[in-house]
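This report refers to the structure that appears directly beneath it.
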Amino acid sequence: MFSQSIWKCFGFPIAMMIFTANSFSQTSYSPIELHKKYNQTSLPVAIYKNIKREDFKKLIIAAFETSNFSFVSTTETPDQNTLYKFSYANSLDAKSPGISLFVRTNETIDGQKRCANCFLRLPNLIDDPTLKNLPWMTQYEISSGFYPAIDKAYSTIQNNGQQYMDQKFGFDYRKQWDGERNFEKYGNSFIGISLSDLKRDVVQTYTEAGFLLVQDRNMDASTSDLIFSFPIEIDGKEGVGYRVRFFNQLDGNGFCNPCEVAEIYDPHQKLPAAGISGMSSRLTLESRFITGRTRAFEQLKNTTTRYLRPRTSFTIPPKPAPLGSPRVLAPMVVT
């Protein structure tokens, strides 16, 4: 069975992939989901009947051509698969002038050369190594055109093929473009600010909100952590572990292009035993932590919004589980 996946997207994010180094940093990290992955399923997008085989082909080809794809070829396989190859023009990088895309169908044809059952499948993006090496901002730009074009093509197929579509089965296609996204679901991506200034703003907002800076740790050339501690006892030394992670790509002038910022901490982390003298502080820990975290995010939003990557908005993660709460384990399956 041909893979039912589009091999997040230029950078978004639907399962995430790790990619090779870009021209700005020697690392395998990429903040955007270059390749989307669909859940594997044996079900097609739609089923067509009583349409001439040539008209079925024309339906698919015309839909993609109206969405700025160029038709390249069709290939018949022994197991009754037909692979339609299309190319999407990429004017943003000469090394990848065309992005190849396959659309698969399974066709059972009757004696009149009509579809007894013709199954339309999900698309598959060819794994082009040159796409992985493009600067992140270029990948964002490409995906903002590429994925809406795929959605438009499938919408056209749905509208123009209604007469021959199995209405009971319907048209089971989930749109792939839902706006710009960052690598981390609740991360924020910035441009036009230096990494040092961005870190300074983060440190200032968190320390003013009651967090203590412990360390600025570089993970590799494009990944680093600001490690904080939130005091468990008021004026105490022991604290809740909390990190703000930075994924950065810099332009030729050393400015973020982009830098993504995301919080990383475990709400289920084990807390030290509370002594009698520290009991009152422990009882207020959760409320103090949530208040401080909320204050930090709100202040960071006010400080950095003007640097947000185009087409994105500032996101604040939802409130997690209470600090120190038991971790809920998945039930064990006995076979």
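For the single chain, residues carry numbers from 1 onward in sequence order.
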For this session: State the CZ-CD1 distance between Phe86 and Ile99, to the nearest 0.5 angstrom.
Result: 15.0 Å
For this session: Examine Val244 and Val214 and state if one hydrophobic cluster contains both, with Ile, Leu, Val, Met, Phe, Trp and Tyr joined whenever side-chain heavy atoms are less than 4.5 Å apart.
Result: no
For this session: Flag the pair Pro310 / Ile191 as yes when at least one side-chain heavy-atom distance between them is below 4.5 Å, and no otherwise.
Result: yes
Exercise. Any idea which heavy atoms bring Tyr173 and Asp151 closest together, and the distance?
Worked result: OH-OD1, 2.7 Å
Exercise. Hey, does the side chain of His268 reach the backbone of Ser325 with a donor-acceptor pair shorter than 3.5 angstrom?
Worked result: yes
Problem set entry | Approximate separation, where rounding is to 0.5 Å, of Tyr186 OH and Ile316 CD1 | 11.5 Å
Exercise. Does Arg306 use its side chain to pair, donor to acceptor, with the backbone of Thr303 at less than 3.5 Å?
Worked result: yes
Exercise. Are any of the side-chain heavy atoms of Val261 and Thr304 separated by less than 4.5 Å?
Worked result: no
Exercise. Given side chains that start at C-beta, do those of Gln269 and Val240 come closer than 4.5 Å, heavy atoms only?
Worked result: yes
Problem set entry | Audit row: Leu101, Phe146, side-chain contact (heavy atoms from CB on, under 4.5 Å) steps and yes/no | CA-CA 10 Å; Leu101 181 81; Phe146 181 76; 4.1 Å; yes
For this session: Of all the heavy-atom pairs spanning Cys259 and Leu198, show the shortest one and how long it is.
Result: CB-CD2, 3.9 Å
Exercise. Hey, is the main chain of Thr291 close enough, under 3.5 Å, to the side chain of Thr294 for a donor-acceptor pair?
Worked result: no
Problem set entry | Hydrophobic cluster membership, Leu300 vs Ile290, 4.5 Å side-chain cutoff | yes
For this session: Please determine which of Thr108, Asn117, Asp110 meets the side-chain hydrogen bond (donor to acceptor under 3.5 Å, both in side chains) test together with Lys49.
Result: Asn117
Problem set entry | Main-chain N/O of Leu323 paired with Glu286 side-chain donor or acceptor, under 3.5 Å | yes
Exercise. What is the distance from atom NZ of Lys152 to atom OG1 of Thr66, rounded to the nearest 0.5 Å?
Worked result: 5.5 Å
Problem set entry | Test of ring centre spacing under 6.0 Å for Tyr206 and Tyr242 | yes
Problem set entry | Spacing of Gln158 atom CD and Leu59 atom CG [to the nearest 0.5 Å] | 11.0 Å
Problem set entry | Cluster check Phe246, Val203: I/L/V/M/F/W/Y, side chain < 4.5 angstrom | yes
For this session: May I ask you to check whether over 12 heavy atoms, not counting those of Lys319, lie within 6.0 Å of atom NZ?
Result: yes
For this session: Consider only side-chain N and O atoms of Ser224 and Lys199, and report whether a donor and an acceptor are under 3.5 Å apart.
Result: yes
Seminar exercise, completed: The reported gap from CZ in Phe255 to CG in Leu195 (rounded to nearest 0.5 angstrom) is 11.5 Å
For this session: Without swapping roles, check the side chain of Gln176 against the backbone of Ile150 for a donor-acceptor pair under 3.5 Å.
Result: no
For this session: Output, in order, the C-alpha distance, side-chain angles, deciding distance and verdict of side-chain contact (heavy atoms from CB on, under 4.5 Å) for Phe171 and Tyr154.
Result: CA-CA 9 Å; Phe171 198 86; Tyr154 272 82; 4.0 Å; yes
Problem set entry | Sub-4.5 Å side-chain heavy-atom contact between Phe297 and Glu263 | yes
Exercise. Taking the side chain as C-beta and beyond, is there a heavy-atom pair between Arg217 and Arg243 under 4.5 Å?
Worked result: yes
Exercise. Any donor and acceptor pair, going by atom type alone, linking the side chain of Asp225 with main-chain N or O of Ile227 inside 3.5 Å?
Worked result: no
Exercise. Do other residues, nucleotides or ligands put more than 12 heavy atoms under 6.0 Å from Lys57 NZ?
Worked result: yes
Exercise. Taking the six-membered ring where the residue is Trp, are the ring centres of Phe64 and Phe69 under 6.0 Å apart?
Worked result: yes
For this session: Quick one: sort the Phe211 and Phe228 rings into parallel, tilted or perpendicular, breaks at 30° and 60°.
Result: perpendicular
Exercise. If you count the non-hydrogen atoms of other residues, nucleotides and ligands that lie under 6.0 Å from CD in Gln112, is the total more than 12?
Worked result: no
Exercise. If we only count heavy atoms from C-beta on, is the Glu141 to Arg311 side-chain gap below 4.5 Å?
Worked result: yes
Exercise. Are the side chain of Asn188 and the backbone of Thr315 linked by a donor-acceptor contact shorter than 3.5 Å?
Worked result: yes
Exercise. Which heavy atom in Ser189 sits nearest to a heavy atom in Pro258, and how many Å separate them?
Worked result: OG-CB, 3.2 Å
Exercise. Can we say Glu107 and Lys113 salt-bridge, meaning some charged N sits less than 4.0 Å from an Asp/Glu carboxylate O?
Worked result: no
For this session: Work out which heavy atom in Leu212 is nearest to a heavy atom in Pro231; give both atom names and the distance.
Result: CD1-CG, 4.0 Å
Exercise. Is the backbone of Asp197 close enough, under 3.5 Å, to the side chain of Ser194 for a donor and an acceptor to pair up by distance?
Worked result: yes
For this session: Assess whether side-chain contact (heavy atoms from CB on, under 4.5 Å) is satisfied between Ser222 and Gln249, documenting all intermediate values.
Result: CA-CA 7 Å; Ser222 69; Gln249 175 179 264; over 6 Å; no
Exercise. Shared ILVMFWY cluster between Ile109 and Phe119, side chains joined below 4.5 angstrom?
Worked result: no
Exercise. Quick one: CZ on Arg104 to CZ on Arg121, what's the gap to the nearest 0.5 Å?
Worked result: 4.5 Å
Problem set entry | Leu285 and Leu271: CA distance, side-chain angles, deciding distance, side-chain contact (heavy atoms from CB on, under 4.5 Å) verdict | CA-CA 11 Å; Leu285 173 61; Leu271 302 178; 3.8 Å; yes
Seminar exercise, completed: Looking only at heavy atoms, the pair that brings Thr82 and Thr74 closest together is CG2-CB, 4.3 Å
Exercise. Do we see a donor-acceptor contact under 3.5 Å between the side chains of Arg309 and Asn182?
Worked result: yes
Exercise. Do the ring centers of Tyr265 and Phe289 come within less than 6.0 Å of each other?
Worked result: yes
Seminar exercise, completed: Note: Ala63 and Ser67 closest approach over all heavy atoms is O-OG, 3.3 Å
Problem set entry | Short N-O contact, Arg245 and Glu184, less than 4.0 angstrom | no
